[in-house]
2 protein chains.
Amino acid sequence: MARIKTENNLTRKEVIVAKAATLFREKGFKAASMRDLAEAVGVEAASLYNHIKSKTEILHELCFSVANRFVHKIDEVEAENTNAVNKIEKLLRFHINEMLHHYEEVYVSDREWKHLSDPYLSNFQNQRRIYRKRFAAIIETGINEHQIKSIDAPTAVLIMLHAISGIESWHRSTQKITAEELEENMISILVGGLVNR
Amino acid sequence: MARIKTENNLTRKEVIVAKAATLFREKGFKAASMRDLAEAVGVEAASLYNHIKSKTEILHELCFSVANRFVHKIDEVEAENTNAVNKIEKLLRFHINEMLHHYEEVYVSDREWKHLSDPYLSNFQNQRRIYRKRFAAIIETGINEHQIKSIDAPTAVLIMLHAISGIESWHRSTQKITAEELEENMISILVGGLVNR
DNA sequence: ATAATATACTAACGAATGTTAGCGATGTTT
DNA sequence: AAACATCGCTAACATTCGTTAGTATATTAT
């Protein structure tokens, strides 16, 4: 009877959720079975239920831990005393680094939230909608102050956010530029596409 | 015994595939069941098999019909006698319009291709990889001719393609700007992010 | 050492899945 | 009208799914 190995002060639940993130990213939430997850963790499927309530609970944990980090960040950025373009750049760099260093979680949260069930589903969608509105509001400010060219702010937001989710492809590619280079390239293209010249 | 209704010269198979595209987009390939699809088509699940070989075959049809359209387009654009920025703009506009007018198919092809099985899977991945290389090559040309700023071309490609997939959110949003406005906004931001000033 | 708790196991469940077989009804061609 | 192909139906199949119950073992606290 081999116990789930815990390292770095992680609870067994956290180990399971972390392995699940990898699995959900690779196969998708629906296609990844609890038996798959059990094997990845090194245990029988039924044993997982000593640590988690359900498969969906794992998805909750992943989606909301990611969402909360972004909300916390935009709280911080909004409060800063700087111009709109700076704020946007900070948000973008945060998104990029989240995608670089918490790839599995962020990716799963982005692509698999549809499989949440109410009330978590509506909750998540609400948070997402509000986040995007706040992001758009910063862009609007930049437009009004003529730092940013006159574009539709919600459209700009969806371009930015989806563009960053492209880092998925970078992770899988064989000939990678470094993470730093990637970050600078993305900022150059995305911010460059917004600003007035 | 109600037959599958065919309109506009569509075969029954094409009706099934079209309905499947909607369903796969809404629920994901794995979560959408053949019984769901049957209901959407107005028939029993077993009856579908008079027209299609398997659930996976439907996914093949969707993925490759989309992929073929993009390959065909880049063939056309590469052959044109114009500069790199123009070529990129044409490709982007094509992507945007595909996403606007063949939303279901393009979205499914983009997100669900992982569930293809070999040899179709490797085939699809190859086509995708080659397409992106050709796109990157056009960007490289623009960089060498100093129309485009000095960036990593593969990174630029993944930003462009993923940004466009954000049109998904536009489709679902309630207060939409028009399709034409969306197209112009996207082109402005994306091309604006590339060009040298 | 003993008791208590945490964790893993085996076995099994009901439900849902993709798919096949066989039959009858419908539509088309001769 | 007869022959034939097309199409949809019911019934059923083998798997796989998430999850639960009950039990055994390992760890921790007393």
Side-chain angles (χ1 to χ4, degrees), chain A residues 1-7 9-24 26-63 108 112 114-118 120-121, chain B residues 1-7 9-24 26-63 108 112 114-118 120-121:
Chain A
M1 193 149 49
R3 286 206 156 193
I4 298 176
K5 289 175 203 162
T6 60
E7 317 169 342
N9 290 359
L10 290 181
T11 66
R12 294 190 214 295
K13 180 171 178 173
E14 288 165 338
V15 172
I16 292 172
V17 172
K19 289 275 185 190
T22 306
L23 215 63
F24 291 173
E26 287 170 353
K27 314 182 74 168
F29 176 74
K30 270 282 177 183
S33 76
M34 293 304 279
R35 285 166 180 87
D36 290 336
L37 177 55
E39 191 182 353
V41 169
V43 96
E44 291 298 318
S47 307
L48 297 172
Y49 288 83
N50 286 317
H51 306 282
I52 53 143
K53 285 207 298 288
S54 67
K55 186 186 182 186
T56 322
E57 191 211 6
I58 302 178
L59 191 58
H60 300 162
E61 301 257 343
L62 287 170
C63 289
V108 169
E112 307 291 338
K114 278 186 189 179
H115 298 104
L116 289 170
S117 38
D118 272 322
Y120 301 97
L121 178 58
Chain B
M1 194 148 48
R3 287 205 153 194
I4 298 175
K5 290 176 202 163
T6 60
E7 318 170 341
N9 291 359
L10 289 181
T11 66
R12 290 182 220 285
K13 180 171 178 174
E14 286 165 339
V15 172
I16 292 172
V17 171
K19 289 275 186 189
T22 306
L23 216 64
F24 292 173
E26 286 170 353
K27 316 183 72 170
F29 176 74
K30 270 283 177 182
S33 76
M34 293 304 278
R35 284 167 181 85
D36 290 336
L37 177 54
E39 191 181 352
V41 169
V43 97
E44 291 299 316
S47 307
L48 297 172
Y49 289 82
N50 285 319
H51 305 281
I52 53 141
K53 286 209 296 288
S54 68
K55 188 186 183 186
T56 322
E57 191 211 4
I58 302 178
L59 191 59
H60 298 164
E61 302 256 344
L62 287 170
C63 290
V108 169
E112 307 293 338
K114 277 185 187 178
H115 299 103
L116 289 170
S117 37
D118 273 324
Y120 300 97
L121 178 60

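Protein chains get the first letters and strands the later ones, always in sequence-line order, with residue 1 at the start of each.
Under 3.5 Å, the side chain of A:Asn50 and the base of C:dA6 form no donor-acceptor pair of N or O atoms.
Between B:Arg12 and D:dC7, a side-chain N or O to OP1/OP2 separation shorter than 4.0 Å is present. Distances shown here put a side-chain N or O of A:His51 below 4.0 Å from the OP1 or OP2 atom of C:dA8.
At least one test fails for A:Lys30 against the ring of B:Phe29: distance under 6.0 Å to the centre or angle within 45° of the axis.
One atom, CG of A:Leu37, and another, P of C:dA8, lie 12 Å apart when rounded to the nearest Å. As a whole-Å value, the separation of A:Leu48 CG from D:dT20 P is 13 Å. The CD1 atom of A:Ile16 sits 14 Å away from the C1' atom of D:dT19 (whole-angstrom rounding).
Residues A:Ile16 and A:Val43 form no side-chain contact, since every pair of their non-hydrogen atoms from C-beta on lies 4.5 Å or further apart. Two residues are said to be in side-chain contact when any heavy atoms from C-beta on lie closer than 4.5 Å; B:Leu59 and B:Tyr120 fail this criterion.
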Seminar exercise, completed: The contact string for nucleotides 10-19 of chain C, one letter per nucleotide 5' to 3', using protein heavy atoms under 4.0 Å with B, S and - for base, sugar-phosphate only and none, comes out as BBB----BBB
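Interatomic distance, CG of A:Leu23 versus CD1 of A:Ile58, reported as 9.5 Å (0.5 Å rounding). Taking NZ of B:Lys13 as the reference point, atom NZ of B:Lys53 lies at 6.0 Å (rounded to 0.5 Å).
Taking each heavy atom of A:Ala21 and A:Leu62 in turn, the nearest pair found is CB-CD2, 3.8 Å.
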